[in-house]
2 protein chains.
Amino acid sequence: MIDNLDKNILNALTENARLSYAEIAKANRVSPATVHVRVEKMRKAGIITGAKLSIDPRKLGFDICCFIGIILRQAGDYPSALEKLKALPEVTEAYYTTGQYSVLIKVLVRNIDDLQKLLIERLQVIDEIQSTETLISLQTPIQRTIQAT
Amino acid sequence: MIDNLDKNILNALTENARLSYAEIAKANRVSPATVHVRVEKMRKAGIITGAKLSIDPRKLGFDICCFIGIILRQAGDYPSALEKLKALPEVTEAYYTTGQYSVLIKVLVRNIDDLQKLLIERLQVIDEIQSTETLISLQTPIQRTIQAT
DNA sequence: ACTGAAAGGTAAAAGGG
DNA sequence: CCCTTTTACCTTTCAGT
């Protein structure tokens, strides 16, 4: 399926997506054309889905990161609740989960006031939501990508 | 601090980090060199922290994504617990949080067996950890970056 | 399937308004 | 502060092995 060269290319690019194919090629003693072919192959296979710039949300004024565990009234409420969550730009991630909560979302907001408004005026008014539990993230000490092995 | 051009560049690149400066320049009716200067400025300011390849973990055999809420025995246990969590490659994210849990981690594993082994043999044996609660993510319907506004 | 060379395009640096 | 120009490098393609 994927060999060592593929893995090395993936691991190099997941660290730094703007690394040139030429440099990766040199490190792996192959030609830049080969790196190009491999990347295209993995893109077509759906292994590589894109490349995103990493930005520091705090530098853009989003000082608060938190997770909100959402408990829905009924399991069947999930699709319509999701549509309403998608409409909130502060919600950057959502996970449909088993366990404690039905949905776990990650939100970025500018300050505590914005968080409070989001919770009271835009989340808790959603009919499908029974209750929410907020976990404010004080620090993000680990942030990395899975290594291809 | 940052103007509209900066914001447009950020939003374009957060969507697709391999977009060429020439294309961004054309869309904003400025020269490619200007885009380059702005990007460098934002990199030096710490707004842009890097670029990462997005990959599909399932295509690499990591079929299970879950969040684990960790309750520590004592608040002071955090630094040493964190070091032990960093040593586990399956832990891709960690958040130090207020509320329900002390630490929330995101883990990627290949299958249920690996999850069970991780929980029992490598997490619950950590002295600083009092208890854990696992939320298995069945689906990730929202995954996006904050928009600069 | 990889390589090497060729063509086109892009990034980065320098100079001018 | 932004533009144009320039140079060097990079990506991408294709014929050949």
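Because only heavy atoms are used, hydrogens play no part in the values below, and waters and symmetry mates are left out as well, while side chains stay in. Order of the sequence lines fixes the chain letters, A, B, ..., with proteins taken first and strands second; residue numbering starts at 1 for each chain.
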Quiz item: For C/dC2, does OP1 or OP2 lie under 4.0 Å from any side-chain N or O of A/Arg38?
Solution: yes
Practice problem: Write down the distance between CG (B/Asn28) and P (D/dC1), rounded to a whole number of angstrom. | Solution: 18 Å
Self-check item: Sidechain-backbone polar pair: A/Arg122 side chain, A/Leu85 backbone, donor-acceptor under 3.5 Å
Solution: no
Self-check item: Of A/Leu5 and B/Glu40, the one whose closest DNA chain C nucleotide lies more 5'
Solution: A/Leu5
Practice problem: Counting heavy atoms from C-beta on, name the nucleotide in D/dT4, C/dA11, D/dC10 closest to the side chain of B/Ala33. | Solution: D/dT4
Quiz item: Mapping B/Asp3 and A/Glu23 to their closest nucleotides on DNA chain D, which lands nearer the 5' end?
Solution: B/Asp3
Quiz item: Does OP1 or OP2 of C/dC2 have a side-chain N or O of A/Thr34 closer than 4.0 Å?
Solution: no
Quiz prompt | Euclidean distance, atom NZ of residue B/Lys41 to atom P of C/dA13 [Å, nearest integer] | solution = 17 Å
Practice problem: Would you indicate what A/Val30 reaches in the nucleic acid, counting non-hydrogen atoms under 4.0 angstrom: base, sugar-phosphate, or nothing? | Solution: sugar-phosphate
Exercise. Let me know the distance between CZ of A/Arg29 and P of C/dC2, rounded to the nearest Å.
Key: 17 Å
Quiz prompt | Nearest-neighbour nucleotide for the A/Tyr21 side chain, C/dT3, C/dA11, D/dT11 considered | solution = D/dT11
Self-check item: Whole-Å distance separating the CG atom of B/Leu19 from the P atom of C/dA11
Solution: 10 Å
Quiz item: Looking only at heavy atoms, what is the nearest atom pair of A/Ser31 and A/Ala25, with distance?
Solution: C-CB, 3.6 Å
Quiz item: C/dA11 phosphate, OP1 or OP2: any side-chain N/O from A/Arg18 under 4.0 angstrom?
Solution: yes
Quiz item: Between D/dT13, C/dT10, D/dC2, which nucleotide gets closest to the side-chain atoms of A/His36?
Solution: D/dT13
Quiz item: With the threshold set at 4.0 Å, does a side-chain nitrogen-carboxylate oxygen contact exist between B/Arg43 and B/Glu40?
Solution: yes
Exercise. Look at the aromatic rings of A/Tyr96 and A/Tyr78 and report parallel, tilted or perpendicular, splitting at 30° and 60°.
Key: parallel
Practice problem: With the side chain of A/Ala22 defined as its heavy atoms from C-beta on, choose the nearest nucleotide among D/dT4, C/dT3, D/dC10. | Solution: D/dC10
Exercise. Run the numbers on B/Glu23 and B/Lys26 for salt bridge (charged side-chain N to carboxylate O under 4.0 Å, His left out), then give the verdict.
Key: CA-CA 5 Å; B/Glu23 277 186 84; B/Lys26 209 190 318 177; over 6 Å; no
Quiz item: Base, sugar-phosphate, or nothing for A/Ser20, non-hydrogen atoms under 4.0 angstrom?
Solution: sugar-phosphate
